Asks: 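To start, I am sharing the structure in question, which I have written as C-alpha cells.
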Amino acid sequence: MKIMQRVIQRVKGDKQQEFAQWEKAWQAVNERLGGPPKRYYTAIFGPEESGTVIWEREFQSVADLEAYHEKVSQDPRPELKALGFEAHDIVAMHRSELYQVLDLS
C-alpha cells in the first residue's frame, strides 16, 4: 500500500532563511540515506497561517517509511542530531500526517 507522508510546519516569523538552509541540510541527509524526494508548498490561502510550509513525499509502504526513519535515527553522525535540535529555534509548530495513495485508474 503506497503512502504519502505530509508534514505541516509553521516557521517562526524571522526564521525563513534559516528554515531554507535547515531544509537543504535535511535534503542532503535524505539523499544520502536513500529517502524519497520531498515536494514543498507554502500556504497562500486556506486554514494554515502565513509562514506555514508543507512538504510531502511518498513511500511504497508503511514498512518502507518505518525503515527509513530507523535509518535516520540510527545514523551516528553528530550533525544529524544537531539538525533535530535546530528545529526548536526555527519551527513554531510541526504536524505529521500519513495518507494512503489512491489509484483510481
Side-chain angles (χ1 to χ4, degrees):
M1 167 180 59
K2 200 173 203 181
I3 63 160
M4 187 225 348
Q5 176 187 27
R6 181 174 190 249
V7 173
I8 299 96
Q9 297 172 305
R10 190 169 56 250
V11 180
K12 292 181 180 180
D14 60 342
K15 300 291 184 175
Q16 294 294 330
Q17 277 190 303
E18 288 93 335
F19 178 82
Q21 293 303 313
W22 181 69
E23 263 304 315
K24 285 179 186 176
W26 273 114
Q27 283 176 341
V29 169
N30 190 53
E31 288 174 18
R32 186 178 75 242
L33 296 178
K38 297 177 181 179
R39 291 179 304 276
Y40 294 88
Y41 312 90
T42 188
I44 295 172
F45 176 80
E48 302 298 343
E49 297 178 26
S50 73
T52 299
V53 174
I54 299 166
W55 58 261
E56 300 172 347
R57 61 182 165 187
E58 291 184 6
F59 289 87
Q60 292 301 311
S61 66
V62 173
D64 286 352
L65 169 69
E66 290 171 341
Y68 175 74
H69 281 257
E70 183 67 20
K71 268 192 209 177
V72 172
S73 69
Q74 297 301 317
D75 193 302
R77 297 163 214 235
E79 62 270 19
L80 184 60
K81 299 209 184 312
L83 280 174
F85 289 119
E86 288 176 27
H88 301 290
D89 294 330
I90 298 169
V91 176
M93 182 277 299
H94 175 104
R95 182 173 78 234
S96 294
E97 303 169 347
L98 292 179
Y99 295 88
Q100 179 179 350
V101 176
L102 298 177
D103 180 4
L104 301 179
S105 57

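The structure presented is a predicted model; accordingly, all values stated were derived computationally and were not measured.
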Asks: Could you check if a side-chain atom of Thr42 sits within less than 4.5 angstrom of a side-chain atom of Thr52, using non-hydrogen atoms only?
Replies: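 The answer is no; the side chains never approach within 4.5 Å.
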
Asks: Between Glu70 and Tyr68, is there a side-chain donor-acceptor contact under 3.5 Å, judged purely by atom types and distance?
Replies: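 There is no such pair between these side chains.
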
Asks: Within the 4.5 Å heavy-atom criterion, are Leu65 and Leu98 side-chain neighbours or not?
Replies: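 Yes - at least one pair of side-chain heavy atoms lies under 4.5 Å apart.
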
Asks: Answer whether the closest heavy-atom distance between the side chains of Tyr40 and Ile54 falls below 4.5 Å.
Replies: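 The answer is no; the side chains never approach within 4.5 Å.
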
Asks: Would Gln5 and Trp55 count as a side chain to side chain donor-acceptor pair (under 3.5 Å) if you check the C-alpha gap in whole Å, the side-chain angles of each, and the deciding distance to 0.1 Å?
Replies: CA-CA 8 Å; Gln5 176 187 27; Trp55 58 261; over 6 Å; no

Asks: Anything under 30° is parallel, anything over 60° is perpendicular, the rest tilted; go ahead and classify Trp26 against Trp22.
Replies: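 If you compare the ring of Trp26 with that of Trp22, the planes turn out perpendicular.
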
Asks: Just wondering, are more than 12 heavy atoms of other shown residues or ligands nearer than 6.0 Å to CD in Gln17?
Replies: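 No.
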
Asks: Using the rule that Ile, Leu, Val, Met, Phe, Trp and Tyr join whenever any side-chain heavy atoms are under 4.5 Å apart, tell me whether Phe59 and Met1 fall into a single cluster.
Replies: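 They do share one cluster, since a chain of ILVMFWY contacts under 4.5 Å joins Phe59 to Met1.
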
Asks: Test side-chain contact (heavy atoms from CB on, under 4.5 Å) on Ile90 and Gln9 and set out the steps.
Replies: CA-CA 10 Å; Ile90 298 169; Gln9 297 172 305; over 6 Å; no

Asks: Are Arg95 and Glu97 within salt-bridge range, i.e. N to O under 4.0 Å?
Replies: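 Salt bridge flag = yes for Glu97 with Arg95.
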
Asks: Would a hydrophobic clustering, with Ile, Leu, Val, Met, Phe, Trp and Tyr connected at side-chain separations under 4.5 Å, put Val7 with Val101?
Replies: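 Per the 4.5 Å side-chain linkage, Val7 and Val101 are not co-clustered.
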
Asks: Quick check for you: to the nearest 0.5 Å, what is the distance between Ser61 atom OG and Gln100 atom CD?
Replies: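 So the OG of Ser61 and the CD of Gln100 are separated by 12.0 Å.
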
Asks: When you compare the side chain of Ile8 with that of Glu48, does any pair of heavy atoms fall below 4.5 Å?
Replies: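 Heavy-atom side-chain distance check passes, below 4.5 Å.
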
Asks: Side-chain contact, heavy-atom cut-off 4.5 Å: Glu58 with Pro36?
Replies: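 No; the side chains remain at least 4.5 Å from each other.
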
Asks: Which pairs with one or both residues in residues 19-34 pass salt bridge (charged side-chain N to carboxylate O under 4.0 Å, His left out), sequence neighbours excluded?
Replies: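 Checked against salt bridge (charged side-chain N to carboxylate O under 4.0 Å, His left out) - neighbours excluded - the pairs reaching residues 19-34 are Glu23-Lys38, Arg32-Asp75.
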
Asks: Would you say Phe19 and Gln21 make side-chain contact, with heavy atoms under 4.5 Å?
Replies: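 No; the side chains remain at least 4.5 Å from each other.
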
Asks: Of Gln16, Arg10, Lys15, which meets side chain to side chain contact (heavy atoms under 4.5 Å, CB included) against Lys12?
Replies: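 Of the listed options, the one satisfying the test is Lys15.
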
